[in-house]
Amino acid sequence: MSAAPIGVIVAGGLSRRMRNNAEGVAPMDKTLLDLGGRSLLHHVIDRLAPQVSSLVLNTNGPAARYAAFGLPLCPDTLPDHPGPLAGVLAGMDHAAARGHTHIVTAAGDTPFLPCDLVPRLMLAAEGSTQGVALAASGLGPDAGDGTPRLHPTFALWPVHLRDDLRGALQAGHRRMMRFAEQHDAAIARFPCPAGAPDPFYNINTPEDLREAQAWLARTG
């Protein structure tokens with residue numbers, strides 16, 4: 001693969017944990033929550049955009065809510081919110097219609113994602129017979145037993161797998177790891193620098209958001 005892939009920010013979930021635990025009324029999309037004066041989605045865009053040929057947003061919310069970001073939207077093409085794999089499929093279909101061969105997916109609630117995510121995934125994918133690679137973290141000096149933590153939402157996916165993925169979803173198979181493993185996914189390993197959050201730290205609850213705010217305050 002020579003051309004940079006399309007980046008797909010997956011933000012099609014229902015944010016149940018954020019809504020159920022928020023003090024007062026939380027936004028319908030947690031990616032719009034404020035972190036350091038900017039939305040979580042702005043943080044993700046800033047880190048991912050320089051690494052890809054273009055960006056699209058997989059979301060099932062109203063288009064007007066995201067107009068300020070200037071990104072094309074690709075909502076799920078399957079009903080009933082079948083999970084992040086549906087966002088991968090939507091991204092694949094979007095890319096295929098435009099002649100692209102690969103996409104890279106990233107979660108919309110991960111403001112510290114690596115600025116070298118895409119090149120590391122592309123390099124790792126050379127070791128996969130299917131050209132699939134996903135991210136893992138927890139491999140730095142403070143990683144305990146050194147066991148990697150896998151993050152299948154952060155992955156490189158060849159677009160030619162979209163029919164396989166559509167069939168899996170229609171058969172009720174929604175686990176990203178299962179689909180990745182069935183397609184010989186390689187692993188791109190990312191260290192956790194001392195004193196920094198996991199690069200794939202995601203915001204699920206108000207407590208997570210407060211921790212992220214505290215980290216930003218410490219680092220300026």
Atom pair OG/NE2 of Ser54 and His100 - distance to nearest 0.5 Å
5.0 Å

With the side chain counted from C-beta on, respond yes when Val132 and Pro158 share a heavy-atom pair under 4.5 Å apart, and no when they do not.
yes

Donor-acceptor check, side chain of Ser137 to backbone of Pro191, threshold 3.5 angstrom: yes or no?
no

With a 4.5 Å heavy-atom cut-off, do Ile6 and Val104 have their side chains touching?
no

Least distance between heavy atoms, Arg189 atom then Arg120 atom:
O-NH1, 2.8 Å

Which donor-acceptor pairs under 3.5 Å do the side chains of residues 42-52 make with protein atoms, sequence neighbours left out?
from: His42; atom 1: ND1; to: Ser39; atom 2: OG; distance (Å): 3.0
from: His43; atom 1: NE2; to: Leu35; atom 2: O; distance (Å): 2.8
from: Asp46; atom 1: OD2; to: Arg38; atom 2: NH1; distance (Å): 2.7
from: Asp46; atom 1: OD2; to: Arg38; atom 2: NH2; distance (Å): 2.9
from: Arg47; atom 1: NE; to: Pro111; atom 2: O; distance (Å): 3.1
from: Arg47; atom 1: NH1; to: Leu113; atom 2: O; distance (Å): 2.8
from: Gln51; atom 1: OE1; to: Leu117; atom 2: N; distance (Å): 2.9
from: Gln51; atom 1: OE1; to: Val118; atom 2: N; distance (Å): 2.8
from: Gln51; atom 1: NE2; to: Arg47; atom 2: O; distance (Å): 2.9
from: Gln51; atom 1: NE2; to: Pro114; atom 2: O; distance (Å): 3.1
from: Gln51; atom 1: NE2; to: Cys115; atom 2: O; distance (Å): 3.2

Closest approach of Ala107 to Ile9 (non-hydrogen atoms, all atoms of both residues)
C-CG2, 4.4 Å

With a 4.5 Å cut-off on side-chain heavy-atom distances among I, L, V, M, F, W and Y, is there a chain of contacts connecting Trp157 to Leu165?
yes

Is Leu33 reachable from Tyr201 through a run of hydrophobic residues whose side-chain heavy atoms are each under 4.5 Å from the next?
yes

Under 4.5 Å between side-chain heavy atoms, hopping through other hydrophobics if needed: is there a path connecting Leu32 to Leu73?
yes

Running the 4.5 Å side-chain criterion over Ile, Leu, Val, Met, Phe, Trp and Tyr, what cluster does Leu123 land in, apart from itself?
none

Please test Leu209 against Lys30 for side chain to side chain contact (heavy atoms under 4.5 Å, CB included), starting from the C-alpha separation and ending with a verdict.
CA-CA 10 Å; Leu209 184 60; Lys30 64 182 174 181; over 6 Å; no

Would one find more than 12 heavy atoms of other residues, nucleotides or ligands at under 6.0 Å from atom CG of Asp80?
no

Give the cluster check for Val88 versus Met177: same hydrophobic cluster or not, with ILVMFWY residues linked at side-chain heavy-atom distances below 4.5 Å.
no

With hydrophobic residues grouped by side-chain heavy-atom distances under 4.5 Å, do Leu85 and Val159 end up in a single group?
yes

Side chain proximity check, Leu156 to Pro5, heavy atoms < 4.5 angstrom
yes

Minimum heavy-atom separation for Pro82 to Ala86, with atom names?
CG-CB, 3.5 Å

When you measure from the side chain of Asn60 to the backbone N and O of Asp76, does any donor-acceptor pair fall under 3.5 Å?
yes

Does the side chain of Gln182 reach to within under 4.5 Å of the side chain of Asp164, using non-hydrogen atoms?
no

I'd like to check Arg162 versus Leu89 (side-chain heavy atoms, cut-off strictly below 4.5 Å). Are they in contact?
yes

By salt bridge (charged side-chain N to carboxylate O under 4.0 Å, His left out), which residues pair with Asp184, not counting sequence neighbours?
none

Any heavy-atom pair between the side chains of Phe179 and Leu169 that's under 4.5 Å?
no

Going from CG on Leu161 to CE on Met92, what distance comes out if it is rounded to the nearest 0.5 angstrom?
5.0 Å

List in chain and number order the residues that pass side chain to side chain donor-acceptor pair (under 3.5 Å) with Thr110, two or more places apart in sequence or in another chain; answer none if no residue qualifies.
none

I want to check something: taking the side chain as every heavy atom from C-beta on, are His151 and Met176 in contact at a cut-off of under 4.5 Å?
no

Residues at least two apart in sequence or cross-chain that pass salt bridge (charged side-chain N to carboxylate O under 4.0 Å, His left out) with Asp34, listed by chain then number, are none

Evaluate ring pair (Phe, Tyr, Trp, His ring centres under 6.0 Å) for Phe190 paired with Phe200, printing each intermediate quantity in order.
CA-CA 9 Å; Phe190 294 83; Phe200 303 103; 5.4 Å; yes

Could you tell me which non-hydrogen atom of Asp198 sits nearest to which non-hydrogen atom of Cys192, and how far apart they are?
OD2-SG, 3.7 Å

Go through the structure and list residues passing salt bridge (charged side-chain N to carboxylate O under 4.0 Å, His left out) with Asp208, not counting sequence neighbours.
none

Specify the closest pair of heavy atoms between Ala124 and Ala186, including all atoms of both residues, with the distance to one decimal.
O-CB, 3.2 Å

Closest non-hydrogen atom pair between Tyr66 and Leu41, with its separation:
CD2-CD2, 4.4 Å

For the residue pair His94 and Val8, establish whether any side-chain heavy-atom pair is separated by less than 4.5 Å.
no

When you measure from the side chain of Asp109 to the backbone of Thr31, do you find a donor-acceptor pair of N or O atoms at a distance under 3.5 Å?
no

Ring centers of Trp215, Phe112 separated by less than 6.0 Å
yes

